[in-house]
Protein chains: 2
Amino acid sequence: MSTAPTVYDVAERSGVSIATVSRVYRNPDSVRAQTRERVLAAARELGYVPSGNARGLASRSTGVLGLCFPDYSDPDAESEAETGAGDEADNDAAMLYSDQIIRGMERAARRHGYALLIAASLKGGPESLVAKVAGRVDGFAVLARTVPTEELEVISRRQPVVMLAGPRESDDLDHLDHIEVANADGQRELTRHLIEDHGLRRLAYVGSAEESPDVEARFRGYVEACRAAGIQVSDAPDLRVGMMTQPEGARAADVLLDRPGDRPEALLFANDQMAVGALHTLERRGVRVPEDIAVTGFDGIALSRLVRPALTTVRQPMRRMGEEAVELLVRRLTGRQDKEPVSMVLPVSVARRESCGCASRGAAPA
Amino acid sequence: MSTAPTVYDVAERSGVSIATVSRVYRNPDSVRAQTRERVLAAARELGYVPSGNARGLASRSTGVLGLCFPDYSDPDAESEAETGAGDEADNDAAMLYSDQIIRGMERAARRHGYALLIAASLKGGPESLVAKVAGRVDGFAVLARTVPTEELEVISRRQPVVMLAGPRESDDLDHLDHIEVANADGQRELTRHLIEDHGLRRLAYVGSAEESPDVEARFRGYVEACRAAGIQVSDAPDLRVGMMTQPEGARAADVLLDRPGDRPEALLFANDQMAVGALHTLERRGVRVPEDIAVTGFDGIALSRLVRPALTTVRQPMRRMGEEAVELLVRRLTGRQDKEPVSMVLPVSVARRESCGCASRGAAPA
DNA sequence: ATGAAAGCGCTAACAG
DNA sequence: CTGTTAGCGCTTTCAT
């Protein structure tokens, strides 16, 4: 791999100036056909490929959009090798939040002629992830809580950034475009369903210990639904766990079941992962779902439909969120920049499945 | 969004040279702590973010790895809005081949400190997709048949490229690293299973019309297994379809069932999509699977486990393929380049589910 | 239609 | 430890 050929090499070989070589690639029609062919031929012979970096540098634009997301450290990374039937489900199910967003962004970016640069955060030196991404793209989306607010603030002064999932974190960032889902609405509707349609009244809500606007909003929806039905609720979740993982969910179920007093008729979790964990606990303890107790999640991850009983949950349109993010970025990139910050709330939908008592035999064919 | 601050601005503001500013970012320890702080402070105030392009240009490396894949035009793109239960399965199931590879690459890239640039092909001017990606990354992977061989040949002379899925397409490309899956082995084993374990002997194989090394290899495995069992087979699939999609699969099932002569005892499809389509046809016609006829696919897409009956298929380790691709690239990027081209074949595994007659009640809990 | 020349913002020796 | 000085490869006026 000797040193790569440049415009100069191509220019020399085809007997034109570097400017012409450049034109052949940027604006073919501005060059006489014959000349163009000569240049293209030389380029081919030399194995010339324009340097994206040089281009970006000279033209101040890259044709690339970015996405930064948190390093959902992913423990199943190594389980890949196994072929046991048991982990098969988990494997596909590990189709995460971020993966869906990536898909959505990729599709939309493609439509607009952009490529997509993706990177998960990873603690580093003064040189953080965002900076790396930011330096190589025309604009990018960030999953909430992925990067320090301050850093984002600095960067967003220079290029379009759209914040995903989770309301604006601070006032410093209120000039960013921003997309969230109707967390409260979804949880409220799901709770209402449990109360009105299934007649349940002793509910327990499991939230998270760490502050998360999304989780807060979900809880708020829950509270609203309860109040609307005349059910007493405290203004804090019945339980808060640390990580919102399956193990934590499993533990949470134990805790809730072992509490003195009447056993809850329904366990509402702030996300699917926890709910699935709870399902395990319940099965182990011989508590039937939904006959003895209802269980619900939030997110609508693939796994939620694979478990038995299939999990009733609130589905978030993550893919669409990715698409909208790109639309917003493209709009900023092409329009005048003086537009007001956009803030959109994507609707969610309740997936009524078995774990709440709805009879739907989940496994629909294709 | 005025013009972005540069090293010069930061240098001036902090009273140092641009070289020092650069050092602060590239090699913080080589700068006196006090100086460093001053620079960082200035950078923060100015909203300075290093330009990835300028960096890449000056240092001839980007810290980015790439992936090019074909534009599996994706008809479900718009179906997102619907909330009908019917398409719910399809939606998740649309977790494609490429998505899995992306996941694998992203994980591995992250481990090595690289970001990932992804782009689907899209016909364009003289300026193709690969060129765009190639110009912005240190090395990249290409899904077979995504880009013209010639172009790839040219590019691969300049930077590491690994070809994914499908054997080397031509001799021009035999210097590329290359990863494929054991297509023939998988199909052979699956076929053997049908013959020996289920005692089926009248088999029909559905391949694709367009030339695809992978599909050819699968068919080869099928033929080998048949021959080994003393079953007569012609040297071409019983049917070839155009697109390997669900509709085509559905049609194929009709064709095969309507052919004069004994009805086949098993329909083997070269991919899952077609097999799923066939399942529909069979259900519509009242042909029971697997009682009346067995059906098998190939790939192991998520959908294969969601349909009823669950599809027996050959699972490809697509995620792992992505990971290995990154490992290969990183190795090329860090080592001496004189190494021989690597060619690895990833093992596959047969997923015995219901559609072949194996009793496994698919829906495993988490 | 094509050429000349001036950067784009940063890194990388090489001096101090 | 820090400053100087060249480029890196391409786009882009401005001429011709």
Side-chain angles (χ1 to χ4, degrees), chain A residues 2-40 42-43 46-63 126-127 131-132 134-138 158-159, chain B residues 2-40 42-43 46-63 126-127 131-132 134-138 158-159:
Chain A
S2 53
T3 193
T6 73
V7 273
Y8 291 95
D9 302 314
V10 177
E12 184 177 351
R13 173 146 192 150
S14 53
V16 301
S17 73
I18 62 167
T20 299
V21 174
S22 177
R23 288 194 188 97
V24 167
Y25 286 90
R26 296 239 56 74
N27 191 354
D29 298 326
S30 71
V31 178
R32 205 199 325 164
Q34 178 188 332
T35 314
R36 194 193 318 145
E37 288 314 320
R38 204 144 35 87
V39 172
L40 252 13
L46 258 29
Y48 168 73
V49 179
S51 152
N53 285 322
R55 273 200 173 162
L57 182 53
S59 65
R60 306 116 187 313
S61 89
T62 64
E127 180 108 77
K132 178 171 182 176
R136 322 199 70 87
V137 303
D138 294 339
R158 307 314 348 164
Q159 63 185 301
Chain B
S2 53
T3 194
T6 74
V7 273
Y8 290 94
D9 302 314
V10 177
E12 183 178 353
R13 174 144 192 153
S14 53
V16 300
S17 73
I18 62 168
T20 298
V21 175
S22 176
R23 288 195 188 95
V24 167
Y25 286 89
R26 297 237 57 71
N27 190 355
D29 298 325
S30 70
V31 178
R32 205 199 324 164
Q34 179 189 328
T35 313
R36 195 192 318 145
E37 288 315 320
R38 205 143 35 87
V39 172
L40 252 15
L46 258 27
Y48 168 73
V49 179
S51 152
N53 286 322
R55 272 197 174 165
L57 183 54
S59 64
R60 302 105 191 308
S61 88
T62 62
E127 182 106 80
K132 178 170 182 176
R136 325 198 71 86
V137 302
D138 293 339
R158 262 58 246 196
Q159 65 186 297

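In what follows, chains are A, B, ... by sequence order, proteins preceding strands, each numbered from 1.
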### Query
Going through the checks in order, is the side-chain contact (heavy atoms from CB on, under 4.5 Å) test met by T20(B) and T35(B)?
CA-CA 9 Å; T20(B) 298; T35(B) 313; 4.0 Å; yes
>> Could you check whether any side-chain N or O of R38(B) sits under 3.5 Å from a backbone N or O of S14(B), counting only pairs where one atom can act as donor and the other as acceptor?
In response: yes
>> Donor-acceptor check, side chain of R136(B) to backbone of G52(A), threshold 3.5 angstrom: yes or no?
In response: yes
With Y48(A) as partner, the option from V10(A), L40(A), D9(A) fulfilling side-chain contact (heavy atoms from CB on, under 4.5 Å) is V10(A)
In short, P28(B) meets R36(B) closest at the heavy-atom pair O-NE, 3.2 Å
Q. Hey, is the side chain of S30(B) poking within less than 4.0 Å of OP1 or OP2 on dC1(D), counting only N and O atoms?
A. no
Has T35(A) got a side-chain N or O lying under 4.0 Å from the OP1 or OP2 atom of dA1(C)?
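No, T35(A) has no side-chain N/O under 4.0 Å of OP1/OP2 on dA1(C).
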Q) Going through the distances and angles, do R23(B) and V39(B) end up as a side-chain contact (heavy atoms from CB on, under 4.5 Å)? A) CA-CA 10 Å; R23(B) 288 195 188 95; V39(B) 172; over 6 Å; no
In whole angstrom, give the distance that lies between atom [atom1] of [X] and atom [atom2] of [N].
X      : N      : atom1 : atom2 : result
E12(A) : dG9(D) : CD    : P     : 14 Å
Q34(A) : dT2(C) : CD    : C1'   : 13 Å
D29(A) : dT2(C) : CG    : C1'   : 16 Å

For nucleotides 9-16 of chain C, 5' to 3', base contacts (B), sugar-phosphate-only contacts (S) and non-contacts (-) with protein non-hydrogen atoms under 4.0 Å give BBBBB---
